[in-house]
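Below: one structure, written as structure tokens.
Chain naming here is simple, since letters A, B, ... match the order of the sequence lines and numbering starts at 1 in each.
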Amino acid sequence: MALDKNEVLEGLIEIIVDETGADPGDIDPDKTFADDLDIDSLSMMTILTLAEDRFDVEIPDDSIQTLQTVQDAVDFIAGD
Amino acid sequence: MSAVPGVVVTGLGATTPLVGDVETTWRAALAGRPGAHALDNDWAERYGLAVDFAATLAVAADAVLSGPERRRNDPSAQYALIAARQAWADAGAPAVAPERLAVVMASGIGGLQTMLGAWDTVRDRGARRLLPLTVPMLMPNSPAAAVAIDLGARAGAHAPVSACASGAEALVTGARLIAQGLADVVVAGGTEAAIHPLTLGAFAKMQALSRRSDSPETASRPYCVTRDGFVMGEGAGAVVLESAGHAQARRARTYARLAGAGSSSDAYDVAPPDPTGQGQARAMRAALAAAGPAVAETLAHVNAHATATPAGDAIEARAITSVLAEALGSPERAALVPVSATKSMTGHLLGAAGAVESIFAILALRDRLAPPTVNIQRLDPEVTCHVVRDRPEPLPAAGPLAAMNNAFGFGGHNMALLFATA
């Protein structure tokens, strides 16, 4: 069953804010993790691990390469 | 022996079971306020623990650090950051080249909470759920690394490990770095965050912990005939050590000189200290010898290791008595030197103890006031040194003074630090 994308976005933003201390208002779906949000690879792994836990999905380790933007991650988690 | 000419203390920081900073911790210690209390959890019932009390941090790290700082650091590194930032600010954030600034931040046990929490995760939910910073958070050098990153210290970041002597060994190491010309400024201290059913259970099993669950506040009773072990504590202490020349050049406020640092090892047993106290006495003598006879004969106060174990307190008291008599030239003078066991208030901060108690020794010199030892109902007649009881005791009002801090650790690690009025 596909997850609601708005709920996934909301939850993902919460995880990113917790990990990075970023202002939630600065996190738009179009932002890239690496360049716009300044998230390094270990922080990205942390975020994806916490997202797996929260949404009960499996995100393969190599998807860190393909999930460039917040929206990419939302789509993957929601099962697009 | 380690001669440490021209090392001064210019900043202090701490977060303890009494309160969250140095000055109020010191005032609470002078007032004889104990920090131990019953734990607000079900550990005793759930795990069959014999001890269900401890001296936990008075001001939680959550109230001081940001969310990401807490999530990326084990509590031991969190406490170290809090104490180190206080000490750095207290020293006036010295302008120093990063390549001349070092950190020595010790922990007795390391990132225990991270390690055990991560194992729970692997066992219950599988290795996929492990967080990527697990190893950097659990390693015992993580507090030193965290502080070095925070302050931009590039002359070296060290993490000496010697159980309950670790915090004192950090100051010994820091003084040597400056004396050897390897750094101008060193942030040195100890941290511990190891209150957990595993440690409470294991320390209790070795008969090291007080069992007075009915009265946590009076459980830590060093030198009392009815003492039955230490009370586990947590927290961190840090000092800014500086070469005297560097401190003078920037007109820094100086608390004290670190006049001598001594270390020795018992080579006796991994748990109890050598019952003759020879190793402890050698560390104290080394610190006094490094400072020289002119400083040694001004020795006016000892902050003892005194954890409140039946054997340990008596062994150290004998060693103190004999070393004082040598330093001061007579047993009569030695018998007048006020000895304080501040673990009666703070509990035993393990790897942080030597740092926090060195801070107490430094402030005793500043205020010319020895802090009390509380909870002594009847002084153990085997304790022949002069114990400060219940109320602070004034030190000589004029003239140069020196104060010693002792810290000893499982494994037979002995550290002694000698501070002198600036």
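Counted within 6.0 Å of CG on A/Asp26, heavy atoms from surrounding residues, nucleotides or ligands total more than 12; the atom is thus considered enclosed. Within a 6.0 Å sphere centred on CD of B/Glu99, heavy atoms belonging to other residues, nucleotides or ligands number more than 12. Around atom CG of B/Asp40, no more than 12 heavy atoms belonging to other residues, nucleotides or ligands sit under 6.0 Å away. Atom CG of A/Asp56 is surrounded by 12 or fewer heavy atoms from other residues, nucleotides or ligands within 6.0 Å. Shown here is A/Glu58, whose CD atom has more than 12 heavy atoms of other residues, nucleotides or ligands within 6.0 Å. Within 6.0 Å of atom CZ in B/Arg100, more than 12 heavy atoms from other residues, nucleotides or ligands are found, so the atom counts as buried in its surroundings.
The shortest non-hydrogen separation linking B/Pro68 to A/Gly21 is CG-N, 3.3 Å.
With 3.5 Å as the limit, one finds a donor-acceptor pair spanning the side chains of A/Ser43 and B/Arg72.
No side-chain heavy atom of A/Met44 sits less than 4.5 Å from a side-chain heavy atom of B/Pro132. Here the side chains of B/Leu131 and A/Met45 are not in contact, with every heavy-atom distance at 4.5 Å or above. Side-chain atoms of A/Leu42 and B/Leu133, non-hydrogen and from C-beta on, do get closer than 4.5 Å to each other.
Of the charged side-chain nitrogens involved, at least one lies within less than 4.0 Å of a carboxylate oxygen, so that B/Arg128 and A/Asp61 count as a salt-bridged pair.
Only the backbone of A/Thr20 comes within contact range of chain B, judged by heavy atoms closer than 4.5 Å.
Between the side chain of B/Arg71 and the backbone N or O of A/Asp18, at least one donor-acceptor pair lies under 3.5 Å.
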